[in-house]
Amino acid sequence: MADTDPDELERRIARTRAELAKTVDAIADRVSPKRVAQRGVEEVKSRAEHLVSSVGDLVGITPRPVRFGDDPDDLWEDEQPNLGPALIAVGAVLVIGATLVMWRRRRRG
């Protein structure tokens with residue numbers, strides 16, 4: 001037999017409303033432009049940190065945090081980075097990319 005106790009039905013309705021309100025709030029928070037932008041910024045920061053770490057490993061330096069107000073002249077006081085290998089790698093990638101673009105255009109034309 002179905003529950004017909006009005007007090008129990010009211011409690012169930014109140015509980016369902018509260019759960020629905022939480023769900024709607026979670027959905028609104030998830031699709032909010034501000035939250036979407038924050039997640040995008042966090043992802044870009046994470047990727048940038050990974051890139052800096054990878055380049056640092058490549059050239060043999062350990063990245064360290066820079067704080068607002070640090071004197072730019074003192075940033076490399078401890079060690080000067082050896083950017084030669086990184087610049088060579090970037091140049092090689094640019095040359096290969098330009099060659100591929102020119103090769104594809106030549107094949108189309």
Check against salt bridge (Lys or Arg N to Asp or Glu O under 4.0 Å), Lys22 and Glu19
CA-CA 5 Å; Lys22 280 184 177 179; Glu19 290 172 359; over 6 Å; no

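For Ser46 (side chain) and Glu42 (main-chain N/O), no donor-acceptor pair under 3.5 Å exists by modelled atom type. Listed for the Thr16 side chain is a donor-acceptor partner under 3.5 Å among the backbone atoms of Arg12.
Residues Glu49 and Lys45 are not paired through a salt bridge, judged by the lack of any N-O separation under 4.0 Å between the basic side chain and the carboxylate.
When all heavy atoms of Arg39 and Arg30 are compared, the closest pair comes out as NH2-O, 2.6 Å.
The shortest side-chain heavy-atom distance between Arg105 and Leu100 does not fall under the 4.5 Å cut-off.
Once rounded to the nearest 0.5 Å, the distance linking CG of Leu94 with OG1 of Thr99 reads 10.5 Å. To the nearest 0.5 angstrom, Glu43 atom CD is 4.5 Å from Arg47 atom CZ.
Both tests pass for Arg107 against the ring of Trp103: distance under 6.0 Å to the centre and angle within 45° of the axis.
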